[in-house]
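Everything quoted here is computed from the prediction, not taken from an experiment. All chains are named by letter (A, B, ...) in the order of the sequence lines, taking the proteins before the strands, and each is independently numbered beginning at 1.
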Amino acid sequence: MTEERRIGVYVCHCGGNISDYVDVKEVAETLAGEANVEVASTHLFACSDASQQEMIEQIREKNLDGLVIASCSPKLHMFTFRAMAERAGLNPYEYVHVNLREQCSWVHKGDRPGATAKGVNLVRAGVAKAALTHPLTPLRIETQPRVLVIGAGAAGMRAALALADMGLSVYIIERESEPGGWTAKVGRMGPDNRSGPEVAANLFERIREHQHIALFTDAELTAKSGHIGDFQVTVRLRGEEDLSLNVGAIIVATGFEPYRPRAGEYGFGLPGVVTLQEFRRMLEACEGPLTHNGRPVRDVGFVYCVGSRQEEGEDCPEPNAHCSRFCCMATSFSASLLHEVERKSNQTINQYHLYRDVRTYGRLETVYTQARADGALYLRWDPASPPRVEPRDDRLAVTVKDTLLGDEELEIGADLVVLATGMVPRQNDSLNDILKIPKSKDGFYNEIHIKLRPVETAIDGVCIAGTAQGPKNLAESVASALAAVARTGALLKKGFVNLEPLVAKIDTGRCVWCGECFNACPYGAIEKIHIGEKEVAMAIESSCKGEGGCVPVCPRDAIVIEGYRDDQIMAMIDASLEEAVPA
Amino acid sequence: MTPLDGKGAPKILVFSTNAISDPGIDRAGSAHLHYSPAVQVIPLPCSSGVKPSWIVHALERGFEGVFIAACGGDCAFLPDCTTRTATLVTRAQTMMKEHGISPKRLKMSGLCSVCADNFVAHMNNFQEELQCVEA
């Protein structure tokens, strides 16, 4: 039997948000007389400074060794109260948070006795869990002041410069033989008409001059071990020589691939049907009139949303549901570039932009406005009847139902049809095997939280930047790269990192090494070790995510996650079912 | 549909997940939706970590149903989380049958961090269904 604990239970009114629907006094009074509870009381606002001070004094005075606070959702104040516990001299992991607002008072507003009885059960479960806590220490890891940046496109290079300016050393590796990525290949970019190759060359020049950055081209990551703050990585140079590096963090800026249409998709494969990227290269190379097949170009059709916002169908079993963000702007900007060719060479070129929605958001709207002012025609189609592109008398015929003209079917003769091809995830199977960053449904790398943690990944110490995460224009790519720099800088400039100790623990007495947990862990956090003659599994604390995927697969019941141990969960279940004692 | 309230409403234990489904369940609260107080939640890090033995224990001790509010496709830890959780459910149902408990007393559904309405609908439906389950 475990020793009696001295737990403090504090039930919050939340200024009426809880106490209007739950009798908090009854909850506290019921708990006050129960096992392991030394003191139970209520607070008007437990999170207020005054209440925290009062609780701290009581914890010290009564020498409490556990703490349960029943208040709002743990997403709001779990860390507040963990810090308070620490200030009071308690181990923060001997604190248990009970969600009495979002999961009780607010959802049972019309049933005060029911809500109060449930409140008692919730707090009882919290006490049962707290009674089985023991002090845990966060794992403190010294961090190495060096960063590996994967990918020397605009995002990777911009990140490297910002990190180096912070005083961190940066290794930037690029698979291609030239840095610059797609930015170096794109030509002029809207809305400010800057040259992509110039932007890339400027970044590269600054990198070359920076004493804290080493850039390797023809370089690929071939191995990664270690953990946040202290990774060992191997980089293969020119396919032969291996370079070993020790870095504290990694930023993945591996970019995107342009969508490659299927044969026949909007006429792709027919002479004169080109992708947006091919068309931009034609414009860059064009001196004088724009010609195709030796003839001056008179009519150009643009089909938007090719490879983006797709719907599942027979010819598209794995649709790209995402919007590629940059293509409406880039295609409308191409209209202006084409108008420029027209003016310079005194050529007349009619432009037909067949779009679904024009998403030139924010100030990019000026690009769309300019294109129309210069004479580009925009026609809207519906995905239920997409445009058709067919060969017609040495030219192309584009048939479209214009939804803004009452679905009237128009046939447009064209010399060129430009498919506004979007972004798809880059094929990087070997890198994915090494980094193990979770991917989202669209195949791009996944952030931890789309809004609040937009550049961190489930792999601690590894951030994503730029279009490796999903479609972005250049400005957004650089913004995300600098966000990744901020997170990485905050981690490495501090010099150390504390990791949550709520991770897997293996009972080596029970374990007989069957390998099930090893197979269940995608993070390489399970290692086979020898204890004397016996082979057993050991969890590597710094690599373990604490999600518990290994726990139910263990046939010997030898694994627990701290904070969610079997005895704690069982005790919570039992405590939840005790009959409420009337006050 | 009228939620089943007060005494006699089937007690449901929900296993939620800290990053995905628990925020979705919180959202039902923030939106001041309503479900039965016989529903009680224990949050865990991820639904792939639920042990079948916990489920059987909960049902033997007096919960009438267990609902796993799974991470689904949004899981930040395991890309195959749904498959893993589904495997656990199958294992748990086998174990439940061995203990003479109807497998209908266990349900699982992916619940996202904004799935407030879904959660409430699941709870109401599950309570209705549990009233017809015999074993």
| query | Is it the case that more than 12 heavy atoms not belonging to A:E541 sit under 6.0 Å from its CD atom? | reply | no

| remark: Whatever's closer than 4.5 Å to a heavy atom in chain A on B:L44 counts as both

| field | Heavy-atom proximity to chain A below 4.5 Å, by part of B:F63 | value | both

| task | Would you mind telling me which of A:I448, A:N446, A:N99 has the largest number of heavy-atom pairs within less than 4.5 Å of chain B? | result | A:N99

| task | Side chain from CB out, backbone as N, CA, C, O: work out which of these in A:N17 comes under 4.5 Å of a heavy atom of chain B, or both, or neither. | result | neither

| Relative to chain A, which segment of B:V120 carries a heavy atom at a distance below 4.5 Å: side chain, backbone, both, or neither? | neither

| If you tally heavy-atom pairs under 4.5 Å against chain A, which of B:V41, B:T85, B:L13 wins? | B:V41

| task | Could you go through the side chain to side chain contact (heavy atoms under 4.5 Å, CB included) check for B:F119 and A:V107 one step at a time? | result | CA-CA 12 Å; B:F119 177 71; A:V107 280; over 6 Å; no

| message | Using a 4.5 angstrom heavy-atom cutoff, name the option from B:T17, B:T87, B:D26, B:L88 with the most pairs to chain A. | response | B:D26

| query | Which pair of non-hydrogen atoms, one from A:Y564 and one from B:P45, has the smallest distance, and what is that distance? | reply | CE1-CG, 3.5 Å

| With a 4.5 angstrom heavy-atom cut-off, which part of B:R27 approaches chain A: side chain, backbone, both or neither? | neither

| said: For B:P79, which atoms come within 4.5 Å of any heavy atom of chain A: side chain, backbone, both, or neither? | reply: neither

| task | Tell me, with the steps shown, if A:I569 and B:H57 meet side chain to side chain contact (heavy atoms under 4.5 Å, CB included). | result | CA-CA 10 Å; A:I569 303 291; B:H57 181 80; over 6 Å; no

| query | What are the two closest non-hydrogen atoms of A:K75 and B:N18, and how far apart are they? | reply | CE-O, 3.4 Å

| Between A:C554, A:P552, A:S105, which residue shows the highest count of heavy-atom pairs closer than 4.5 Å to chain B? | A:P552

| request: Specify which of A:A520, A:G119, A:G546, A:C72 makes the most heavy-atom pairs with chain B at under 4.5 Å. | output: A:A520

| request: Could you have a look at A:S576, A:P74, A:P522, A:A115 and say which one has the most heavy-atom pairs with chain B under 4.5 angstrom? | output: A:S576

| message | Please check this pair: side chain of A:K118 against backbone of B:V39, looking for a donor-acceptor N/O pair closer than 3.5 Å. | response | yes

| task | Against chain B, work out which of A:E102, A:E547, A:K129 has the most heavy-atom pairs shorter than 4.5 Å and name it. | result | A:E547

| task | Looking only at non-hydrogen atoms, find the nearest pair between A:K109 and B:H32 and report the distance. | result | NZ-ND1, 2.6 Å

| request: List the atom of B:L78, the atom of A:Y523, and the distance in Å for their closest heavy-atom pair. | output: N-OH, 4.3 Å

| query | Is it the case that more than 12 heavy atoms not belonging to A:R487 sit under 6.0 Å from its CZ atom? | reply | no

| said: Can you confirm whether A:V553 sits close enough to B:R84 that some side-chain heavy atom of one is under 4.5 Å from a side-chain heavy atom of the other? | reply: no

| message | Please classify the contact between B:D80 and chain A as side chain, backbone, both or neither, with a heavy-atom cut-off of under 4.5 Å. | response | neither

| With only heavy atoms counted, which part of B:P23 is less than 4.5 Å from chain A, the side chain, the backbone, both or neither? | both

| field | Atom pair CG (A:D557) and NZ (B:K51), whose distance is rounded to the nearest 0.5 Å | value | 3.5 Å

| note | Okay, A:K545 and chain B: the region with an atom under 4.5 Å from a heavy atom over there is both

| Check: A:H108 side chain, B:Y35 main-chain N or O, donor-acceptor pair, under 3.5 Å | yes

| message | Tell me which of these, B:S47, B:S53, B:G49, B:A31, has more heavy-atom pairs under 4.5 Å with chain A than the rest. | response | B:G49

| said: Using side-chain heavy atoms (C-beta onward) and a distance below 4.5 Å, is B:Q40 in contact with A:L122? | reply: yes

| said: Please classify the contact between B:L33 and chain A as side chain, backbone, both or neither, with a heavy-atom cut-off of under 4.5 Å. | reply: backbone

